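In this chain, residues are counted from 1 in sequence order. Just so you know, ligand 1 is whichever comes first in the structure, and atom 1 is the first atom listed for that ligand. In this text, all values refer to a predicted model and were calculated from it rather than measured experimentally. No hydrogens, no waters, no symmetry mates; every other heavy atom, side chains included, goes into these values.
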Amino acid sequence: MTTENSTPPVIDLRSDTVTKPTPAMLAAMMAAPVGDDVYEEDPTVRRLEEMAAARFGLEAGLFCPSGTMTNQIAIKAHTEPLSEVICEQTAHVYLWEVGGIAFHSGASVALLPGERGRLTAAQVEAAIRPENVHYPTTRLVCLENTHNRGGGSCYALDDLRAISEVAQRHGIARHLDGARIFNALVATGQRSEDYGQLFDSISVCLSKGLGTPVGSVLLGSAAFIKKCKRIRKVMGGGWRQAGFLAAAGIYALENNVARLADDHRRAARLAEALRAQPYVAEVLNPETNLVIFRLDDTQPAAEFLAALERHGIRASSFGPQWIRFVTHLDVDDAGLARVEAALAGLAA
Ligand SMILES: *Cc1c(COP(=O)(O)O)cnc(C)c1O
């Protein structure tokens with residue numbers, strides 16, 4: 001197929017959720033053996049759940065359509081009305097999940113200010129409610145790694161251990177929103193197997209940097225996942241021949257993890273290009289695949305995004321004058337060079 005007046009492909013830096021499955025991933029999906037997953041008869045779903053759980057040193061997994069669903073199911077399973085969840089004030093579970101903690105769980109939220117989204121053990125400990133009839137009961141601490149709003153920031157393992165120790169000492173459950181946990185593992189060299197001791201439940205997105213079209217897995221103990229399966233069902237998330245989608249997840253776990261380092265390298269290059277522009281006031285040092293930066297007052301954000309659009313480049317607004325670029329499977333070095341040229345052109 002040839003096009004005469006071919007326009008270059010759009011470079012979509014809005015999110016790492018925009019990736020399309022590669023031919024090899026699609027082939028794996030089409031070849032998947034499937035069955036009715038509500039009857040627990042889909043062998044591919046079962047394989048994905050077992051494989052993901054084993055990677056993180058946990059017993060069982062639950063494949064779901066979205067990371068919002070896996071997070072909200074976990075929070076509901078760990079809490080009850082009149083209880084409270086501790087999280088960072090810009091956590092995805094609080095900020096970008098439609099107020100689901102109140103809606104699904106009837107729980108209160110204790111919001112803490114983090115350093116690029118990271119909490120400390122001392123902060124968590126200070127937020128735990130003492131026994132008092134006036135207070136909700138603290139039941140859960142929820143961390144996010146990498147932290148989205150914090151610009152893809154990663155926790156050090158020692159800091160996670162310290163928070164985990166505080167939670168265990170107070171009998172509080174530990175959930176990890178690991179939408180981009182593989183970015184954190186690749187960037188820090190941490191081992192996924194160590195996470196099973198640090199958290200009671202982990203949500204992992206397959207549709208972000210790992211490049212599948214749909215899906216997240218929730219991981220935890222066998223008893224916890226059994227409880228979560230009922231909550232998924234009441235949310236309407238019991239699905240049938242989901243193995244076609246699970247096969248994409250298996251393919252991604254086997255093939256798309258190590259390559260996240262390429263996304264991180266490209267994010268670092270984008271940050272460098274941004275720092276060289278006179279109209280960029282501030283760039284958060286990218287630790288993984290997210291680059292968050294602030295335009296100075298001479299460059300209105302809406303105009304900046306419109307100018308990029310004219311070059312076939314898409315990005316997200318992230319608050320007044322703040323923009324987010326995300327690198328992923330569908331952004332290669334040629335695309336990166338086009339972004340660099342467009343950024344330099346805006347300064348001219
Ligand atoms: C994307 C994301 C999720 C889940 O998003 P869905 O679009 O519901 O899959 C959860 N947490 C974080 C930090 C995310 O970035």
Query raised in the report: Is atom 6 (P) of ligand 1 close to the protein, meaning a heavy atom under 4.0 Å from it?
Result: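 Protein heavy atom within 4.0 Å of atom 6 (P) of ligand 1: present.
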Output the list of atoms in ligand 1 that are nearer than 4.0 Å to some heavy atom of [X], sorted by atom number.
{"X": "N71", "value": "10 (C), 11 (N)"}
{"X": "S66", "value": "8 (O), 9 (O)"}
{"X": "E97", "value": "10 (C)"}

Could you check whether [X] pairs with [Y] (Lys NZ or Arg NE/NH1/NH2 to Asp/Glu carboxylate O, under 4.0 Å)?
{"X": "R232", "Y": "D37", "answer": "yes"}
{"X": "R47", "Y": "E254", "answer": "yes"}
{"X": "E165", "Y": "R161", "answer": "no"}
{"X": "D333", "Y": "R265", "answer": "yes"}
{"X": "E84", "Y": "R139", "answer": "no"}

Query raised in the report: Do we get R149 above F318's six-membered ring, with its NZ or CZ under 6.0 Å from the centre and within 45° of the axis?
Result: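 Verdict for F318: a cation-pi partner in R149.
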At what distance is the nearest protein heavy atom to [atom], and which residue and atom is it?
{"atom": "atom 13 (C) of ligand 1", "result": "E144 OE2, 3.1 Å"}
{"atom": "atom 2 (C) of ligand 1", "result": "K208 NZ, 2.2 Å"}
{"atom": "atom 10 (C) of ligand 1", "result": "H92 ND1, 3.3 Å"}
{"atom": "atom 9 (O) of ligand 1", "result": "G67 N, 2.8 Å"}

**Report entry** Plane angle bin for H175 and H78 - parallel if under 30°, tilted between 30 and 60°, otherwise perpendicular
**Finding:**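 Rings of H78 and H175: tilted, 30 to 60°.
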Using a heavy-atom cut-off of under 4.0 Å, does the side chain or the backbone of [X] touch ligand 1, or both, or neither?
{"X": "R180", "answer": "side chain"}
{"X": "D177", "answer": "side chain"}
{"X": "V93", "answer": "neither"}

**Report entry** Non-hydrogen side-chain atoms of D330 and V18 separated by less than 4.5 Å
**Finding:**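 A side-chain contact is absent here, since even the closest heavy-atom pair is not under 4.5 Å.
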Report task. Answer yes or no: does atom OH of Y94 have more than 12 heavy-atom neighbours from other residues, nucleotides or ligands under 6.0 Å? Result ->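 Open.
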Report task. Output yes when the distance from some N or O of ligand 1 to some N or O of T68 is under 3.5 Å, and no in every other case. Result ->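 Yes; at least one N/O pair falls below 3.5 Å.
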Query raised in the report: Judging by distance only, is a nitrogen or oxygen of N148 under 3.5 angstrom from one on ligand 1?
Result: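 So ligand 1 has an N or O lying under 3.5 Å from an N or O of N148.
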